Amino acid sequence: MANPLVAFTLIKRLQSEWRNLIYSDEAQENTQDFRSGYEEVEKEGSLPKLEDLQGAAKGLMRLQDVYALQVGGLVRGHFQRITDGNPIDIYSPTVSVPLSGDDCFLVGKVAYELEDYYHSVQWLEESVRLFRGAGGEWSPENEGTLEDALDHLAFSHFKTGNISYALSLSQELLNHDPMNGRVLKNVQKYERLLVDSPPLLSTDTGLKRPNTTYLRTRNTYERLCRTQGTQPTHYENPRLFCDYFNNDSPGLLLQPIRREVLSLQPYVVLYHSFITDSEAESIRDLAQTGLRRSVVASGEEQATAEYRISKSAWLKETAHPIIGRLDQRITLLTSLNVQPPYAEYLQVVNYGIGGHYEPHFDHATSASSPLFRLNTGNRVATFMIYLSSVDAGGSTAFIHANFSVPVLENAALFWWNLHRNGQGDGDTLHAGCPVLVGDKWVANKWIHEYGQEFQRRCSPNPEE
C-alpha cells in the first residue's frame, strides 16, 4: 500500500468498480445478496468516498509533475523520469501494478472536469491506447469505455488548440457511435475551423503546464524535492557541523543528543533519534481517531486548500504521558517554554497519496491571522518530529535557503521562524514535498513569542 499506484487502484476498486459491478445488468444471479452486502459495508462508512478517489487521482498527477514522472511509465507500474533522452527509474517498487484503460480514464476525467487539459490529454491518451489494445472489450466494473475516452480526449485536444487531432478522434468516435448528434456537430465545427484557420506546419502544439497563482517558486520547489537533500553547494559549507549536544542542561549531561546543524541562515538543526520507535507508534495511534483534513489560515478563518493535502489531529498533554515527556525533551533541547498557551498543542499530520504542503511560512504574515487568537504573539519557532520513514519523496524543502532535508525516522527538525526583533524570517519559506512512496507521519510543536522573553532575548541591534 506504500506504492501510490497500488493504493489508487485499491481505492478505485472499493469506491467505483465494486459499485459498478453489483448494479450492472450482468449481475443477475445473487443480485440481492450482492447489493445488500455492499450496502451494509457502505453504511458502516468504511469505504472510500468519491472525494477520496478524486483526491488519489489528483495525487498521482501531483507526483507526475513534481518528480517529472512519465505517464507511460506510471501506467506500466514504473516510476521513471527522462534523463538525457533515456527513461531512468527513480524508484523501483517491490510491488508493481500496471494501470488499466479505465484507471487512466478516471485520472484523465478528474483532470478534464477541472479543465486541466494538460493532464487530461496525457492520461486519456493512455486510456485510449489501452482500450484499443483490449479490442474495445468492456467489463461491468469499468467506469468508462473506449467511446468515453475518445470523447473526452477529442475535446481536451480541441481546448489545447490541436484541432486536427480532435477532428481525427471525433471521426473515430463516430465509427463506434454513428448516430451521436453532438459528435457530428463537433466534427462539422472542427472541419470549419480548419478551413477558416489552417494549422501552420510550425505551430507548437506542445502541452504546457497550467500556471499557478499561489506558487511563484515552483521550479525551485520541485528541484529541491527531486534532489532530496543532495545540494552540495549548500551542504559543503565548512561552517556546518555535527556534535553531541546537551544545551548545558542537567537532563542531557549523561545522554546528549546527536545534533546536525543543517543551515546557519536560517538556523535549522536536525536532532537525530529524538524519539523512540514505540513513542512514535503510540503518537500515531493516539492521533488516528481524530484525523481530519488539514486546514490553512484564510484571512481571519481557517479552510482546506489544494496546496495542503494531509490529515491532522491535535493532542493535548492529557492525552497520554508520552506527550508530556516530549514537551519536557523539547524544553531541554531548546530552553523554550512549550506549555500552553505559550505553545500550541502537538499537531500530528499524516500525508497520503501525493500528500504535500507547498511553500509556506509557519509564522503569521498577516495581523488578522487566527494564530494571534492565543494572545501569545506569533510562532517564534517550529519543532517538527518525523514519526515514520518513507521509501521515496516527502523531503522538507527550504526554498530561499536552497536545500532540502530527507525524511529521517525518529529525528526532529528545529528552526527559528522570527528574527530576534520579532520580524518574520523570509528565509524560512519551506515546503513538505509530496510523498512518492510510503506513509509519512510528522508531529509539529509550534512555540509562540510570549513566555520566551528570557530564553530568547532581543538583540541590542534592532536589525537582528
Side-chain angles (χ1 to χ4, degrees), residues 5 8-9 11-28 31 50-51 53-54 56-58 60-61 64 70-72 74-77 97-194 199 205 207:
L5 300 175
F8 168 76
T9 53
I11 292 172
K12 179 171 177 281
R13 182 82 176 162
L14 295 176
Q15 201 285 323
S16 174
E17 294 177 6
W18 188 6
R19 185 189 67 248
N20 290 341
L21 176 65
I22 65 170
Y23 289 111
S24 69
D25 293 335
E26 284 78 2
Q28 295 299 324
T31 300
L50 179 60
E51 66 173 332
L53 182 56
Q54 292 172 337
K58 292 175 186 176
L60 290 183
M61 290 184 275
Q64 169 196 344
Q70 295 298 297
V71 174
L74 288 171
V75 170
R76 296 190 301 274
V97 56
L99 300 182
S100 68
D102 192 57
D103 294 335
C104 297
F105 172 71
L106 194 143
V107 178
K109 185 182 176 189
V110 168
Y112 178 92
E113 290 172 347
L114 293 170
E115 299 183 2
D116 173 7
Y117 303 112
Y118 168 82
H119 289 103
S120 68
V121 163
Q122 297 180 70
W123 285 92
L124 291 170
E125 287 277 12
E126 291 295 330
S127 176
V128 167
R129 180 182 65 82
L130 291 167
F131 275 133
R132 283 173 179 158
E137 183 180 335
W138 181 79
S139 166
E141 298 175 358
N142 287 355
E143 186 81 15
T145 62
L146 173 59
E147 290 84 351
D148 292 327
L150 286 168
D151 195 8
H152 286 74
L153 180 58
F155 189 75
S156 296
H157 273 298
F158 166 67
K159 295 297 288 186
T160 59
N162 195 343
I163 298 172
S164 57
Y165 196 29
L167 174 60
S168 174
L169 291 166
S170 298
Q171 289 169 334
E172 180 182 349
L173 177 54
L174 281 178
N175 292 333
H176 297 278
D177 187 8
M179 303 306 293
N180 191 318
R182 179 178 55 80
V183 178
L184 279 168
K185 289 181 180 178
N186 284 346
V187 167
Q188 294 168 359
K189 174 183 177 181
Y190 299 154
E191 289 175 337
R192 188 169 60 253
L193 287 171
L194 288 172
T205 57
L207 296 173

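These figures come from a predicted structure and were not determined experimentally.
- Inter-residue side-chain proximity for Phe131 and Asn142 is flagged as met; some heavy-atom pair is nearer than 4.5 Å.
- Contact check for Gln70 versus Arg76: no side-chain heavy atoms found under the 4.5 Å cut-off.
- Between the side chain of Asn186 and the backbone N or O of Val183, no donor-acceptor pair lies under 3.5 Å.
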Pair Leu150-His176, side chain to side chain contact (heavy atoms under 4.5 Å, CB included): steps then yes or no: CA-CA 10 Å; Leu150 286 168; His176 297 278; 4.1 Å; yes
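- Nearest heavy atoms, Ala154 versus Ala166: O-CB, 3.2 Å.
- Glu143 approaches Asp148 most closely through the heavy-atom pair O-OD2, 4.3 Å.
- Expressed to the nearest 0.5 Å, how far CG of Asn20 lies from NZ of Lys12 amounts to 8.0 Å.
- Residues in residues 167-187 take part in these salt bridge (Lys or Arg N to Asp or Glu O under 4.0 Å) pairs, two or more places apart or across chains: Arg132-Glu172, Asp151-Arg182.
- Distance check: Leu167 CG to Arg192 CZ gives 12.0 Å after rounding to the nearest 0.5 Å.
- Residues Leu74 and Leu5 share a closest heavy-atom pair of O-CD1, 3.4 Å.
- Side chains of Val107 and Glu126 form no contact here, defined as non-hydrogen atoms less than 4.5 Å apart.
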What do the steps show when you test Glu141 against Asp102 for side chain to side chain contact (heavy atoms under 4.5 Å, CB included), and what is the final call? CA-CA 9 Å; Glu141 298 175 358; Asp102 192 57; over 6 Å; no
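- Side-chain atoms of Pro178 and Asn180, non-hydrogen and from C-beta on, never get closer than 4.5 Å to each other.
- Between Ile11 and Ala56, the shortest heavy-atom contact is CD1-CB, 4.1 Å.
- Residues Ser156 and Leu124 share a closest heavy-atom pair of OG-CD1, 3.9 Å.
- Here CG of Leu184 is found 14.5 Å from NZ of Lys189. Values are rounded to the nearest 0.5 Å.
- Applying the side chain to side chain donor-acceptor pair (under 3.5 Å) test to every pair with at least one member in residues 104-118, sequence neighbours left out, gives these pairs: Asp116-His119.
- Separation of atoms CG (Asn175) and OG (Ser170) is listed at 11.0 Å; rounding is to 0.5 Å.
- The residue from Leu99, Leu106, Val128 that alone fulfils the side-chain contact (heavy atoms from CB on, under 4.5 Å) condition with Trp123 is Leu99.
- The structure places CD of Glu51 at 11.0 Å from CG of Leu53, a figure rounded to the nearest 0.5 Å.
- Counting only distance, with no hydrogens or angles, the side chain of His157 and the backbone of Leu153 share no donor-acceptor pair below 3.5 Å.
- Shortest non-hydrogen contact noted between Gly108 and Ser120 is O-CB, 3.5 Å.
- Between the OG atom in Ser168 and the CG atom in Leu173 there is a gap of 11.5 Å [rounded to 0.5 Å].
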